[in-house]
Engineer: 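Right, I'll just put the structure down here and ask away after.
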Protein chains: 2
Amino acid sequence: MAGLTAPLLGLEKKSLREQALSALRTAITSGELEPGRHLVETELSEMLQISRGTLREALRQLEQEGLLSAGPRGRLSVRHLDEKEIRDIYAVRAALESLAARSLCELPDRQHVTESLHKAIDAMTAATTGTLEERIESDLEFHRTLCRLTGNETLLHSWESLEGSIRMSIMFAGLEKGVSNMSVDRHKDIVGAIDTGDATLARKTILEHMDTAAANLVA
Amino acid sequence: MAGLTAPLLGLEKKSLREQALSALRTAITSGELEPGRHLVETELSEMLQISRGTLREALRQLEQEGLLSAGPRGRLSVRHLDEKEIRDIYAVRAALESLAARSLCELPDRQHVTESLHKAIDAMTAATTGTLEERIESDLEFHRTLCRLTGNETLLHSWESLEGSIRMSIMFAGLEKGVSNMSVDRHKDIVGAIDTGDATLARKTILEHMDTAAANLVA
DNA sequence: CCAGTATCGACTGTAAACAGTCGACTTATG
DNA sequence: CATAAGTCGACTGTTTACAGTCGATACTGG
């Protein structure tokens, strides 16, 4: 049994809370737990086979991410998004990602950045032959990479806190509409703009991308 | 006992979790719970006279707000901010608030907006004769109002999720440095720019305000 | 029949107890 | 003396039980 591989040494055992968080986030953003649905702690804890205390910790986080809304007496339900809310979410998303794009343009050495973004583009290209879900995942991964590459942890965290709302927006609009915003060419334009090092151009490209995306979602 | 006033009818009893959240947020952002301090659940729950379960829910939220960082084995400690992190926080803050400013310029009817902002300015003016804490509160209230007036709930929520980090940045720099960014005149400039309805000017004013603020904090 | 009161079930909020992991320290062994 | 094994305390993660609030329904009295 000698010679354990490095990945095994780095194994991370996920807590029940984290597992519940993931499962619930997926169930909500996929529509399985439908908008407006009242989440009853006792039911959910039985379904997930965890205690109510553990579940509550996960639910609190989802509430903070904007996926759940608290009704009277602390009752949590899956949030419903109307058109205005989707537009609002995309406006904030645009603000964060345009900051990311500008920040990347201002980096002294952009080579590793563009390499990583090209990899993310390749992944998007590969996903065009996959399922709608795969295309959405690769798209969101591209945008997350954009934020991550800035090295601004606060920016990445803010974006990730918005990710659930973004996913719900796509779900509300329907996956086909969502995917219509995920063309590889338009993302190549973003990378191209960043490549030029022109922060104003990069910002403008992102803002336009997000304007179009929001308009498509609410059409 | 007839004739209860409307405010009494609207009384909201805060849960222990919410009370703990407030108390902890204040203790952290004021420096009472100092950066790097390991928060031991059993100690804190005894101090606050609440159960560990209730405390955990509050701590989770503070972690998500960026005020605490999780170390090995789930141990939470008060986050320490270095200069880069402060700059990063202010960059994200600038992105959010400049979106707010641009959004306000695009509103069809800006009269009630400018009235509210002028009120916030008046409160800042009144606070100049008060304590440093009062000045910081009135400043943050001005900026929160900026975001709230847009009617974009996602934007307000994102800003509020950042507020703790903002407060900690000010605390790290020292209150005097923080207050140096809170001159009434500079905030009047922001309102003035929004008054013109020129979204580009308003955005630029905010970005400059935040650039200067960050530079002052890390100087 | 209607209004007031009582009861009960369905929750959420909270506390107390149990369980597991780790590091520091002590003890045993070669 | 150095190393390995054992023990224990200090936590965090989780479960179970208790407590309170509310709405819906049933009951009672005028």
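Note: hydrogens, waters and symmetry copies are ignored here, and every other heavy atom, side chains too, is used. Chain identifiers are assigned alphabetically (A, B, ...) following the order of the sequence lines, protein sequences preceding nucleic acid strands; residue numbering begins at 1 within each chain.
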Engineer: Return the value, rounded to whole Å, for the distance between atom CD of Q61(A) and atom P of dG13(D).
Structural biologist: 13 Å
Engineer: Run the salt-bridge test on R60(A) and E63(A) with the 4.0 Å N-O cut-off and return the result as yes or no.
Structural biologist: yes
Engineer: Within this structure, what is the CD-to-C1' distance between E57(B) and dT12(D), rounded to whole angstrom?
Structural biologist: 16 Å
Engineer: CZ of R56(B) versus P of dA16(C): gap in Å, rounded?
Structural biologist: 16 Å
Engineer: Under the rule for salt bridge (Lys or Arg N to Asp or Glu O under 4.0 Å), what residues qualify as partners of K177(A), not counting sequence neighbours?
Structural biologist: none
Engineer: Please give, in whole Å, the distance from dC11(D) P to L55(B) CG?
Structural biologist: 14 Å
Engineer: Tabulated below should be each protein N or O lying under 3.5 Å from an N or O of nucleotides 21-24 of chain C; please produce it.
Structural biologist:
none

Engineer: If the cut-off is 4.0 Å, is S51(B) near the phosphate of dT14(C), judged by side-chain N/O to OP1 or OP2?
Structural biologist: no
Engineer: Just by distance, no angles: are the side chains of S51(A) and T54(A) close enough, under 3.5 Å, to form a donor-acceptor pair?
Structural biologist: yes
Engineer: What is the minimum heavy-atom distance between A20(B) and I50(B), and which atoms define it?
Structural biologist: CB-CD1, 3.7 Å
Engineer: To the nearest 0.5 angstrom, please state how far the CG atom of L140(A) sits from the OG1 atom of T145(A).
Structural biologist: 10.5 Å
Engineer: Answer with yes or no whether the side chains of R87(A) and Y90(A) bring together a donor and an acceptor at under 3.5 Å.
Structural biologist: no
Engineer: Any side-chain N or O of R60(B) below 4.0 angstrom from OP1/OP2 of dT12(D)?
Structural biologist: no
Engineer: Please list, by residue number, the residues of residues 15-25 of chain B whose heavy atoms come closer than 4.0 Å to an atom of DNA chain C; answer none if no residue qualifies.
Structural biologist: S15(B), L16(B), R17(B)
Engineer: Can you check the R52(A) CZ to dT14(C) P distance for me, whole Å?
Structural biologist: 11 Å
Engineer: So how far is it from M210(B) CE to L96(B) CG, rounded to the nearest 0.5 Å?
Structural biologist: 10.0 Å
Engineer: Of all of residues 37-49 of chain A, which get a heavy atom below 4.0 angstrom from DNA chain D, listed by number?
Structural biologist: none
Engineer: Could you pull out all donor-acceptor pairs under 3.5 Å where a side-chain atom in residues 69-80 of chain B meets a protein atom, sequence neighbours excluded?
Structural biologist:
residue: R79(B); atom: NH1; partner: G66(B); partner atom: O; Å: 3.1

Engineer: Expressed as a whole number of angstroms, how long is the span from K14(A):NZ to dT14(D):P?
Structural biologist: 12 Å
Engineer: For residues 114-123 of chain A, please give each side-chain donor-acceptor pair under 3.5 Å, one per line with the distance, not counting sequence neighbours.
Structural biologist:
residue: T114(A); atom: OG1; partner: R110(A); partner atom: O; Å: 3.4
residue: T114(A); atom: OG1; partner: Q111(A); partner atom: O; Å: 3.0
residue: S116(A); atom: OG; partner: H112(A); partner atom: O; Å: 3.1

Engineer: Return yes if a side-chain donor-acceptor contact under 3.5 Å exists between H187(B) and D139(B), otherwise no.
Structural biologist: yes
Engineer: With the threshold set at 4.0 Å, does a side-chain nitrogen-carboxylate oxygen contact exist between R25(A) and E163(A)?
Structural biologist: no
Engineer: For G53(B), which contact category applies under a 4.0 Å heavy-atom criterion: base, sugar-phosphate, or nothing?
Structural biologist: nothing
